[in-house]
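I have placed the structure first, in the form of structure tokens, so that the comments after it can refer back to it.
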Protein chains: 2
Amino acid sequence: MSSKEDEKAPEIDKLADTGTLGKAIALLDLVTRAPEPLRFTDILKLTGLPRGSLHRQLRHLVLEGLLDDSPDGTYGPGLRLLEFASRAWAKSSFREVAAPHLLRLHQQTGETVHLGVLRGHEIIYLDKVEGRQALRLHSQIGKASPVYCTGIGKAALSVVSDELRAEILSALCFEPFTPGTHKDVAALLEDLQKIKSAGFAFDMEEHEIGIRCVAAPISSNDAAFASGISITAPAFRASPEQLKAWAPLVLEAAHAIQLDIPRRLGPAK
Amino acid sequence: MSSKEDEKAPEIDKLADTGTLGKAIALLDLVTRAPEPLRFTDILKLTGLPRGSLHRQLRHLVLEGLLDDSPDGTYGPGLRLLEFASRAWAKSSFREVAAPHLLRLHQQTGETVHLGVLRGHEIIYLDKVEGRQALRLHSQIGKASPVYCTGIGKAALSVVSDELRAEILSALCFEPFTPGTHKDVAALLEDLQKIKSAGFAFDMEEHEIGIRCVAAPISSNDAAFASGISITAPAFRASPEQLKAWAPLVLEAAHAIQLDIPRRLGPAK
DNA sequence: TCCATTAGTTCCACTATTCGGAACTGAGTT
DNA sequence: AACTCAGTTCCGAATAGTGGAACTAATGGA
């Protein structure tokens, strides 16, 4: 293993080596993440890239339809992103397997039901079933939310391997969305302990004031893949007693989904 | 311009010059488009790329989260695509402007209402409002459909510049989804003539048996940007008379959206 | 059991692409 | 007119992608 020459740096880089593609996607990420449309110069400052390079990169992204350049000189997400996502959603066999269970859970409770999966340090919402809604139609499909202040996030964290959990926790940055948001790893760990023994997680307005939920994890044979489902409701309809009453239902549904998974092991999560 | 050596092909390539990124996205497109999960060898045959190159490209795409590799060796769309799209959707100011009008149109008719925009040779659905649905929840947001057999597609085609329309028509490939699908440019052009004078378009089960719609175009000051809205209903509720009765409502809504656009010219479509 | 075949991964010399400084355009301002 | 600031183009140097070939792992038939 060890060699005479020490010219090669051993393993300093944690950066994924994805070359040119990685740079382009990082740029795409930056632009789509921005709270408001960025102009060329804004991006220039944010990235520190040389003018020439940035210009070419943006041109490529726009030509590919991943970004749109408005007539007013700003850049925003391109329509092609929607097209790709539509395929991703349509093909997610995990979502397909879970769908009937979500629907049933919704019918049993009358409340909004979510399906989310762990990706990196965040939860991505894969599906949702809700009642008559006035606005915010399909809002959060695909949305990324923190693990430490969402029911599904905490539930998923409670079932991953110790190594993965440690890695995720070490990288967390606790933003105080509400007074109830966990403020550090210690508080979160304590909560996770309870969740592990109970088998389900609460979110008592930790991410958004007025919104509570009960969530249950779905574990799988694939250790790197954790997910969960939740029942979400406005605080006035979600008393602690009510949430406890819902817990068995979420657990049952999560379990049912888990049992249905093996039939289609893998194809596309 | 002309040189002695004829070794270099003059200007055959219409391909957009997006270098390395273009190749990666083309591959992503191929994989996400596939009706069923592809294995390494399948992709190898489809692309004709050399083993080494393909292997690296796929690895990069997987590392970036744009593709997922299942334990069974197949590749499918990655979760990061959903994340990107969620941002694209949330930031689409055009969608935001149109939303209340879609909702009103839905309340007036009780039927499903769509918002779609023209991208390349296809229509991308940006939003939809529908009633109580059993399944197929948010199915087609982001979905791409042909211009020649959808109400919104034909409506949008009727308002773009002659040059753009000619370019799109020349590249179309008429797939006969139903007996009513237009079979060639001539038939489509005839239909477009009617649509232009009427101001709205019908889709009489041209894309899917049992599904009909009325659609109206939304034109904008930006010539390259065409879109439309539609009321869609099952054939038994959408007699020709009923569709004609709906037409003024769609036209009115489309017009209202058009008037609302200038307020936020541009940012992100 | 063995050999043949197919599937997937690694390696490395070659070359096409990206990189980035600098020069250019063009609109708005003093 | 002279300035600044925003965006675009150009080209030699540096780097990252290319693709043939060799390697390993799994599958399957005789």
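Quick note on labels: first sequence line is chain A, next is B, and so on, each numbered from 1. Side chains included, hydrogens not; waters and symmetry mates left out as well; all remaining heavy atoms used.
Each of D/dA16, D/dG17, D/dG20 was ranked by its minimum atom distance to the side chain of A/K23; first place goes to D/dA16. Closest to the side chain of A/Y75, out of C/dT9, D/dT8, D/dA16, is D/dT8.
Residues A/I25 and B/F84 have side chains in contact (heavy-atom distance under 4.5 Å, counting atoms from C-beta outward). In this structure, B/D29 and A/R87 have side chains that are in contact, with non-hydrogen atoms separated by less than 4.5 Å.
The interatomic distance linking B/R39 (CZ) with D/dA26 (P) rounds to 16 Å, in whole Å. C/dA16 atom C1' lies 16 Å from atom CG of B/L21, rounded to whole Å. Between A/H55 atom NE2 and D/dT8 atom P the separation is 4 Å, expressed in whole Å. D/dC5 atom P lies 15 Å from atom CG of A/D42, rounded to whole Å. Rounded to whole angstrom, the span from the CG atom of A/D72 across to the P atom of C/dA27 amounts to 17 Å. Residue A/L38 contributes atom CG, which lies 15 Å from atom C1' of D/dA6 at whole-angstrom precision. Atom CZ of A/R51 is separated from atom P of C/dA22 by 12 Å (rounded to the nearest Å). Residue B/L54 contributes atom CG, which lies 10 Å from atom P of C/dG8 at whole-angstrom precision.
At a threshold of 4.0 angstrom between heavy atoms, the contacts of A/T41 are confined to the sugar-phosphate backbone, with no base atom among them. If you check every strand for non-hydrogen atoms under 4.0 Å, A/S53 touches a base.
For the pair A/T20 and B/G52, both in contact range of DNA chain D, the more 5′-proximal nearest nucleotide belongs to A/T20.
A/F225 has its ring centre less than 6.0 Å from the ring centre of A/F94.
At most 12 heavy atoms of other shown residues, nucleotides or ligands fall within 6.0 angstrom of atom CZ in B/R39.
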